[in-house]
Amino acid sequence: MKPRRTIAATVVAGVVVAFGAACTSGGDFSESNAKTGVVVEGPKRALDGDLTVEEASGPPAMPPGFTQVGAVTKVTGRLKDYVTITLPIPQGVDDQQVSDLRVMRHDGASWGAMPPQHVDLKRRLVKVTTREFSLWGLGMWDVEQAVAGFLAGARNLLSSGSWWLLGSVGRFAVNPPITECRHPALTLQLDTSQFVDEAILCPKFVMEDKERHTYRLHISNLRGFPVMLRLPAGLKPHSVTPQAANPITQLMVQVGQSHGLAVLPGGGELVLDVNALDISKGARITGALDLTGVIMDAGFAILRVVTGYDPNDKALEAIGKRQEFVDAVACVMDQSERIAKQFHSIGAAKLAWEIFYAASGCMSTRLFVAAVSVYAELNYEAYHYDEEFRKAVQAAVKRVVTVIENAPVLTQIAATMLAAHRGKTTFALGVEVEDPAVSNLYKALPTPGDGGFQPTQGRSVGPANGGQLTYVGTPCMVESQAQPWATWTQGAAYARYDRDGSIGTSMQVAYVRAEHRKAVQALFTNLAGNAAKCDQRKGGSIVVLENHDGRQYGGLTDYRVGQFGWENSEYLPYGVVAAYDPTKGVVVHISLSADSYSDVDLDDIKEELEAALDYAANKLDVSLGTTYTLR
């Protein structure tokens, strides 16, 4: 803070007289009230019009924990700069009580309490600087009364914006946000065997990532208690619903996120960003029953008792940037995990004591001094604190903590927390990338009953892993270019369906090995440019297929429609489409046919072929991370 001019004051015959260290005649003003002994002084440029200093008539009562000492002074006028207000210490306040003295200012809505900027015991004066005129006075802070009031209202104070739901923790049903997840990303495998019971998890690809290396992992918590999670490399918080209503908890969450921590709220949803390139093998998210909100709220409740003021949002934001607050958050999270791990072995009274022990231990004297200093710097331009001020705050901390540690506080809330005693209090979630998702490939195929893919009769209808592609395009093309799919692929899945009640449908999907992807891409490039008609008659079978200009996927899509059958029999309407995705090295192959006596013609085949590929391609995109739908 830049240096400021200081003003010395003395008392002559009961009148406060100010001496400016840098006064120039006519450059400063001094206005006082003889009855209350309050003086306002500063540079004339600070005034914008007239100034009055008078005793307040019927001032509002001081807040709980404070006793008014002396008169209340009403200062009215408009200011353009900072001025100094000097208040005399009333008779009856001895030197030992001065540490409990607070400068009180009423802003029109409520009283605010602040340790004096400067105390002159010899002259019996205290000073503050301000840019706001209002009601000013002195209040004696009764720390014991403040503590008693705090303990009486503790049940309400210790509520982290609905994160910790009191009443029947861990037992009652909640209604968290749940992301629709019919088709999760199959390449991110999750081991939930040691995770929160009944949690709903849904990994989804981030479609903006064209390489499909990033996911959004949605976690919905159906239990009533929050869980603090430690995230391994490759994972970071994206969003949380609902947001904590408490600004203290919001600050704590922000700081925790930068240290790889996240909170899964009770009855809420946490969304994580997952980068597959940074996840190590065997990665695990570890967690514990979250007591951070309770401990942090308890700590800041203690801060309010110690300092005698409620920090506003601006002050909280500034406090959140201080290293002392970062250290407190780290301490609180460590203590929360420590308590959660011994949750099963302690009773309600011991748990209550542990919470306040953790809160008082993490709210260090340095944090209290920093918090008060931040508040003062935002409200009093010339504010500075010295060693005496630090000692006074430290003494107050000790007094309050001593009272709290020896009080049977929060036994009922602690007992409520123990409602979660029968469940798990520590958790783990395994996160593994399996790309290609060979073992779960069949799950990427359409589910019978969805998207027009109706169940069919017969053996081996799937979906299931197995099967093998024989060729794509037409049998005529195989004669000119070999297609060794058994060598090219490392996994395949298949399924059979009915479409429109009369069109038999077969689908195959396969992963291409990395070393053969260029060859497969070249094959599909040739297919896309080949419009030749295939008329093949071998061993009594007949296949007649022509190129069809259907919807393209990345230019690597090939449609063929026509007929197949046998000599001396009726031909069946037939269509086939194959598409290749170079991003994940995936081939999808769909064939359709209908009985010759049905009403299905080639136009129907063409229409159903495109509809089937549209649905299949979209499901492959969201399930495997392919980019079929990206042109």
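Because the structure is a prediction, the values reported are computed rather than measured. Values below: all heavy atoms of this structure, side chains included; hydrogens, waters and symmetry mates excluded.
Here S336 pairs with nothing under the side chain to side chain donor-acceptor pair (under 3.5 Å) rule; sequence neighbours left out. The salt bridge (charged side-chain N to carboxylate O under 4.0 Å, His left out) test applied to D94 returns no partner, not counting sequence neighbours. Among residues two or more places apart in sequence or in another chain, the salt bridge (charged side-chain N to carboxylate O under 4.0 Å, His left out) test is passed with D209 by none. Residues passing the ring-ring contact (aromatic ring centres under 6.0 Å, His included) test with H213, sequence neighbours excluded: none. A search for side chain to side chain donor-acceptor pair (under 3.5 Å) contacts involving T187 returns Y215, not counting sequence neighbours. Among residues two or more places apart in sequence or in another chain, the salt bridge (charged side-chain N to carboxylate O under 4.0 Å, His left out) test is passed with R338 by E354. Partners of Q97 under the side chain to side chain donor-acceptor pair (under 3.5 Å) rule, at least two apart in sequence or in another chain, do not exist in this structure. With sequence neighbours excluded, the residues forming a side chain to side chain donor-acceptor pair (under 3.5 Å) with T179 are H218, E269, listed by chain and number. Every residue was checked against the salt bridge (charged side-chain N to carboxylate O under 4.0 Å, His left out) condition with D278, not counting sequence neighbours, and none meets it.
What you find for L135 and A56 is that their closest heavy atoms are CD2-CB, 3.9 Å. Between A276 and V433 the shortest heavy-atom distance is CB-CG2, 3.9 Å. Residues G282 and E432 come closest through the heavy atom pair N-OE1, 3.3 Å. Between G139 and V69 the shortest heavy-atom distance is N-CG2, 4.1 Å. The two atoms that bring L138 and P90 nearest to each other are CD1-CD, 3.9 Å, heavy atoms only. Scanning all heavy atoms of the two residues, the minimum distance from A437 to L186 falls at CB-O, 3.9 Å.
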Show your working on side chain to side chain contact (heavy atoms under 4.5 Å, CB included) between V271 and S239 and close with a plain yes or no. CA-CA 5 Å; V271 182; S239 62; 3.5 Å; yes

CA sep, side-chain torsions, deciding dist, call: H118, V126, side chain to side chain contact (heavy atoms under 4.5 Å, CB included): CA-CA 6 Å; H118 177 71; V126 297; over 6 Å; no

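Note that CZ of R102 is 10.0 Å distant from CE of M140, once rounded to the nearest 0.5 Å. Taking CG of L289 as the start and CD1 of I339 as the end, the distance is 10.0 Å to the nearest 0.5 Å. Once rounded to the nearest 0.5 Å, the distance linking CZ of F205 with OG1 of T214 reads 9.0 Å. Once rounded to the nearest 0.5 Å, the distance linking CD1 of I178 with CG of L222 reads 5.0 Å. If you take CG on N465 and CG on N440, they are separated by 7.5 Å, rounding to the nearest 0.5 Å. Expressed to the nearest 0.5 Å, how far NZ of K204 lies from CG of L217 amounts to 12.0 Å.
Side-chain contact between L188 and V431: present, with at least one pair of heavy atoms (C-beta onward) separated by less than 4.5 Å. For the pair P436/Q490, a side-chain contact is recorded, criterion being any heavy-atom separation below 4.5 Å from C-beta on. Considering only heavy atoms from C-beta on, V72 stays 4.5 Å or farther from P60 through its side chain. At least one side-chain heavy atom of M104 sits less than 4.5 Å from a side-chain heavy atom of P63. Two residues are said to be in side-chain contact when any heavy atoms from C-beta on lie closer than 4.5 Å; S623 and H183 meet this criterion. Residues L190 and F195 form no side-chain contact, since every pair of their non-hydrogen atoms from C-beta on lies 4.5 Å or further apart. Side-chain contact between L624 and Y511: present, with at least one pair of heavy atoms (C-beta onward) separated by less than 4.5 Å.
No option in T286, V196, L229, I285 other than I285 meets the side chain to side chain contact (heavy atoms under 4.5 Å, CB included) test with L429.
E208 places no side-chain N or O within donor-acceptor distance of the main-chain N or O of K210, the cut-off being under 3.5 Å. Between the Q189 side chain and the D191 main chain, no donor and acceptor come within less than 3.5 Å of each other. Checking side-chain atoms of K619 against main-chain N and O of K443 turns up a donor-acceptor pair under 3.5 Å. Under a 3.5 Å cut-off, the side chain of D95 and the backbone N or O of V98 do not form any donor-acceptor pair. Distance alone, capped at 3.5 Å, places no donor-acceptor pair between the T426 side chain and the K341 backbone. A donor-acceptor pair under 3.5 Å links the side-chain atoms of T626 to the main chain of L620, judged by distance alone. Side-chain atoms of W136 never come within 3.5 Å of backbone atoms of V103 as a donor-acceptor pair (strictly under, hydrogens ignored). Side-chain N or O atoms of R212 include one that pairs as donor or acceptor with a backbone N or O of M207 at under 3.5 Å.
Comment: K584 engages D435 in a salt bridge, judged by a side-chain N to carboxylate O separation of less than 4.0 angstrom.
Identified under the salt bridge (Lys or Arg N to Asp or Glu O under 4.0 Å) test for residues 226-236, with sequence neighbours left out: R230-D334, R230-E337. Applying the salt bridge (Lys or Arg N to Asp or Glu O under 4.0 Å) definition to pairs two or more places apart or across chains, those involving residues 363-375 are E324-R366, D327-R366.
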Name each donor-acceptor pair under 3.5 Å that joins a side chain in residues 261-268 to protein atoms two or more places apart or in another chain, with its distance.
none

